[in-house]
Amino acid sequence: MSLDAKIVSMMRIPLKSGSRFVDKFFKIGAAMAATYVLAIILLIVVNLVSGSAPVWQKEGLGFLTGSDWNSEEGRESYGAAPYILGTFVTAGIAMAIGVPISIGIAMFLSELAPKIMRTPLSLIIELLAAVPSVIYGLWGLFVFRLYLKDWVETPLHNLFGDNSVVFSGAPFGLDIFTASVVLAIMIIPTISTISREIMLAVPNSQREAAYMLGATKWEVFRLAVIPYSKSGLIGAAILGLGRAVGETMAVTMLIGNSTGAAAFPTSLFQPGQTMSSIMANEFAEASQAGLHMSALIGIGLILFIVALGINMVAHLLVARVIKSHEGAVQA
Amino acid sequence: MITVEQRAEFRKHFRYNVGRRLVIDKIVKGVVFGCVVLAIVPLGSILIEVFTNGSAALSIEFLTQIPGAVGSADAGGIGPAIQGTIVLIGMSSLIGVPVGVMGGIFLSEYGDNRYGRTIRFFNDVLAEFPTIVIGIFAFVMIVLTLGNFSVWAGTFALSIIMLPIITRTTEESLKLVPITYREAAFALGIKRWAVITKIILSQAKNGLVTGILLAVARIAGETAPLIFTILGSSQFMAGFDGPIDALPLRIWRLSSLPYDNAVAQGWGAALVLILMVLSINIGVRYIVLRKKGRGLKLRMLGGAL
């Protein structure tokens, strides 16, 4: 719409649009809507703390360090250590696979790809993030798991056998390794999209200076792009970690779900459990007011604190980089 | 004076050096391209599997009937799940859209201060949050308080998930409206709220719609929070204070059943869900790319942002 037409349409707005209080009310209303986010975060803390209070009273800090998990009445005992560890192990493996691939994708999209390929390729990568988690789980359970078992797990197992702790156990496909690989696929779009954005924010003068010295593409990337965007790339990776830590459905469907001390992640080819998967798995079995439910809510509280910390660090890192080059960022 | 031998020596080193660098460059380019292929293959595989396995299950009965008894030959359909997903999206939007848009207005128009930055920061943090935590929070807050699993609890959880997405896309699209529009309107003496609601919002409506659709696509596929809030049901909705079903939840349940026809139905339900989510995502991106939406950050995607 042209500006002229805009002014005409403006004329239909009465100049005396309400008393001077309307402006104030509008601002207050907007501020309240914005504050809702803070209120929700506060409410999450309050509710999770109060909901998990019984288990903290019974187990104390042993809830964090113990590995017993027994919901049988009379012998109830809850320790979340295997699941906390399982969360970090799966997320760590996912990062180890996902981050290098994501940085590679970001490099291709920001430095190498011909102009006409950039937009469609970015779209395709971003669509990976749009696929619901439960569909990753379904695909992992009935398709990907079998390929992984036959082509990766069995050879690795045959090669290293039960001598190595990491590859011991007969590969079945429902294990920590499968869950981690699918997690890696799920965090790739998050990390690569943000990394690409950060790399695009590196001023071209940096690249030109390196090209002028006769650097190859890879050298330009290593000497001019990486140092300039390092903290942002770390932030992007941590954002991916935040996603991997909280991911529920795909992990629940693929990790094999063991409980108690058996869930300690020792071998890649053994079933495990993460904080989110045990919540999803055992929720239906726990009575609404019992200690079992309280333990699950307690795990929710731990996950909340972990995720809050990770996400806050990541956002500080990413925001600092993107802000310092404001104006250079292209969507 | 350099001798001929020295010059030959120098050339040798130069060729070796440059040659090695060019080879490394080629290798890196190859590896990087391989990364892109590695990422695209799973997407291709997912789409192919969902379409081939899912299309066999599709029929009018499948889309409208209630699920059959577990393990029986008559597998029934996923009618309640489709209904539940639509109800949940509608209900969540009733909370998420107005609050999110107002929050976005605050961040864009009044948020250039310490408070605004704080809100923006926590908003971004919440956007990335594990949705299962939001689910268990909604369980403690709504389900335990009201005493049963309900549409309300699901609505509450999903509205929290869509809120940060709408807030941020609203903010970004309002900021794209040229400052001259505001100046012109203020010069005419129009009150600030009228300038925002009648002029700036109408200019930014593409971005707003984009954000809302992305948020809808996102919550349509959410499963984890629904386990704790709506529980799931094999009947059509009986009321807002009772359990209902939803597509992602139904896919999860079907996939864990040891019957072939249940799994086939799971693929069918996955096809319905993925068609819904991807068509929204692709549609939105197509519109945004064609129109002037350049500069609008679309990082907020289907998954965890």
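Within every chain, numbering begins at 1; the chains are lettered A, B, ... in the order of the sequence lines, protein sequences first and strands thereafter. What you are looking at is a predicted structure, and each value in this text was computed from that prediction instead of being measured.
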- With a 4.5 angstrom heavy-atom cut-off, could you sort out which part of A:Leu138 is near chain B: side chain, backbone, both or neither? both
- Heaviest contributor of heavy-atom pairs below 4.5 Å to chain A, chosen from B:Val37, B:Ile196, B:Leu38, is B:Ile196
- Portion of A:Met279 that has a non-hydrogen atom of chain B nearer than 4.5 angstrom: both
- Query: Tell me, side chain or backbone of A:Met293 under 4.5 Å from chain B's heavy atoms, or both, or neither?
  - Reply: side chain
- Task: Quick one: sort the A:Phe283 and B:Phe139 rings into parallel, tilted or perpendicular, breaks at 30° and 60°.
- Result: perpendicular
- Note on the structure: Assert top hit (heavy-atom pairs under 4.5 Å, partner chain B, pool A:Gly246, A:Ala314, A:Ala307, A:Ala34) equals A:Ala34
- Is a donor on one side and an acceptor on the other found under 3.5 Å between the side chain of B:Asn281 and the backbone of A:Ala130? no
- Item | Residue part contacting chain B, namely of A:Ile299, when any heavy atom lies under 4.5 Å | neither
- Task: Start with the C-alpha distance between A:Thr248 and B:Thr223, add both sets of side-chain angles, then the distance that settles side chain to side chain contact (heavy atoms under 4.5 Å, CB included), and finish with yes or no.
- Result: CA-CA 9 Å; A:Thr248 309; B:Thr223 320; over 6 Å; no
- Report the option among B:Ser256, B:Gly266, B:Gly103 that has the most heavy-atom pairs separated by less than 4.5 Å from atoms of chain A. B:Gly103
- Item | Side chain, backbone, both or neither of A:Leu128 within contact of chain B (heavy atoms, under 4.5 Å) | both
- Message: Just checking B:Phe137 against A:Phe304, ring centres under 6.0 Å apart?
- Response: no
- Item | Check: B:Tyr115/A:Thr35 side-chain N/O donor and acceptor closer than 3.5 Å | yes
- Query: About how many Å separate CD1 of A:Ile185 and CD1 of B:Ile46, when rounded to the nearest 0.5 Å?
  - Reply: 7.0 Å
- Task: Answer with side chain, backbone, both or neither: which region of A:Ser276 has an atom nearer than 4.5 Å to a non-hydrogen atom of chain B?
- Result: both
- Message: Run the salt bridge (charged side-chain N to carboxylate O under 4.0 Å, His left out) test on B:Glu128 and A:Arg243 for me, step by step, so that the C-alpha distance in whole Å, both residues' side-chain angles and the decisive distance to 0.1 Å come before the verdict.
- Response: CA-CA 7 Å; B:Glu128 305 264 355; A:Arg243 185 167 183 204; over 6 Å; no
